[in-house]
Amino acid sequence: MSFNLKFRAITAAAALLLPGLAFAQTTTLSRAVAVSDHQQPAIPRPDQDAAAAAKLAEFEARTGKKPNIVILLIDDMGYGDPGAFGGGEAIGAATPNMDRLAAQGLKLTSTYAQQTCTPTRSAILTGRLPVRTGLTRPILKGDKLTANPWADEISIAAMLSNAGYHTAAVGKWHIGEGEGMRPFEVGFDEWYGFYGAEKEITQEFDQHRYPDLVLDPEKLADYHALGANIDLVAAKKGDTDDTVVIPTTSVEDIAEADLRLRDYSVKRIGEMAKEDKPFFLYHAFMKVHTDNFPSKEFTGASASKYAYKDSVVEVDAIIGDIVNALSDAGVLENTFIFITSDNGPQMDMWPDAGFTPFKGAKGTTWEGGVRVPGIAYWKGMIAPGRVSDGLFDLMDLFNTSRDLAGVKDPLPTDRYFDGVNQTSFLLADNGESERENVYMWMGSTFAAMRMREYKIHTKVIIPQANFLWIDMATMNDVGTAPWLFNLYIDPKEEYAVGHRMSPWLATMGSEMKAHGATFAKFPPKKVGLE
Ligand code: CA
């Protein structure tokens, strides 16, 4: 069924079930207004926009430069892991650095990722939903893409590089390792990291967890033949290939990986701070994606002593080191920092898994899968102590980074952009979100939408065994009516209020229909991950 037909079916079914609530084309309950026909509508905040613009102009006049932008992306960390979000000391893994940055910056309690790694990473870098770019699920060893998804995408790194930034990607990539898909080929001036997820690497060596593979030479040879680069590599824009910095030959190598990545970022921050150009640093941790092996230095560092928790402590310490490096280089006040996770905890690997207070886990569009911690910190520019439940989709980092960097080129009109410019939300002292809706897809199937404190599901993931939210879960229709929850009174999405208690169902149906209509003019790309 085409996207349009799917949406028509959803809204038609809901209208039939709810006589008197026929979905209008437009609704007065949505505060968002069209920006253009190829961009996500946004809530106008003219006073806040003006306040943020004035702050930025004052900053530039004072420093003579555009701000540096640092994105710190943790892998698979749960919403509830940092102390600032309810975990930390209370669950055996103190996170003093994240807590301090949250307290001295803006804590965002409704930050949304996609439900798995590749989709989130591609969405941040392209400002577009994975269903549009074709990067709808993690690229796994042995996957053969039918088209290079990057061939016609423009990354935020490319845009900032063109605007005079030095752009660096450090850490986990996981958005394609074929020719034309690597960081140094899609806009980053430099690249230092790994192409795949931690488990894709450790399963080649860990005979305790994967004895059937590691102890069987024939199977292992077949596995190697799938071909995947597991080494720590580096390259610069213009290179034809990457070069191996440190080969990965053991679990011990991967245990030390995040410290090696830290050393690189810390060194480069010191060097880049001396250049005339501002910099964009995308530092993506390997941890705390399963299988977690804390480095020697951090083994036993958490109160719990579990590998996952030690790894949380390690990641938190590295965040502190990176912020200290910015401070030591004299550029902390010149740098916008955003800290987040690329999806919820992966419960299939429990107890090598994070904590979320919400329902569901990685691989689902329940809150546990997509709601992640969000911390925006900029010394002197973001007022300390702010907390907001305003909606922030990680794709908004694309538009916001463009704005912070003063990118003047308009967005291309031949494709749809789902990100929203949230500069005023983050910088204005009384900033509020400009995003009205967050859309949640499972691959190429629309599943849910959040609007204000409401969330509506048209498909739901149900696990058929405890914890197995990926390996033994099924995607289900919701039955006779969409499932609608009020997340303020029911954050665990346990008791749908639907038409009994909510006058919002029709509005949300209309909003979903409008979202579906964007695919008529801008059809989704397919790259072989469907
Ligand atoms: Ca992930």
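The structure presented is a predicted model; accordingly, all values stated were derived computationally and were not measured. Whatever order the structure lists ligands and atoms in, that order sets their numbers, starting from 1.
Residue side and main chain included, Cys117 places an N/O/S atom under 3.0 Å of the Ca ion (ligand 1). The Ca ion (ligand 1) has an N, O or S atom of Asn343 closer than 3.0 Å.
Considering all non-hydrogen atoms of both residues, Trp150 and Asn148 come closest at N-OD1, 2.7 Å.
Closest N/O/S atom of Asp76 to the Ca ion (ligand 1): OD1. Of all the N, O or S atoms in Asp75, the one closest to the Ca ion (ligand 1) is OD1.
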Which donor-acceptor pairs under 3.5 Å do side chains of residues 316-325 form with protein atoms, sequence neighbours excluded?
residue, atom, partner, partner atom, Å
Asp316, OD1, Asn97, N, 3.4
Asp316, OD1, Met98, N, 2.8
Asp316, OD2, Asn97, N, 3.0
Asp316, OD2, Asn97, ND2, 3.1
Asp321, OD2, Arg262, NH1, 2.8
Asn324, ND2, Gly320, O, 3.4

Start with the C-alpha distance between Asp310 and Thr299, add both sets of side-chain angles, then the distance that settles side-chain hydrogen bond (donor to acceptor under 3.5 Å, both in side chains), and finish with yes or no. CA-CA 6 Å; Asp310 287 353; Thr299 298; 5.4 Å; no
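Side chains of Asp389 and Tyr488: a donor on one and an acceptor on the other come within 3.5 Å.
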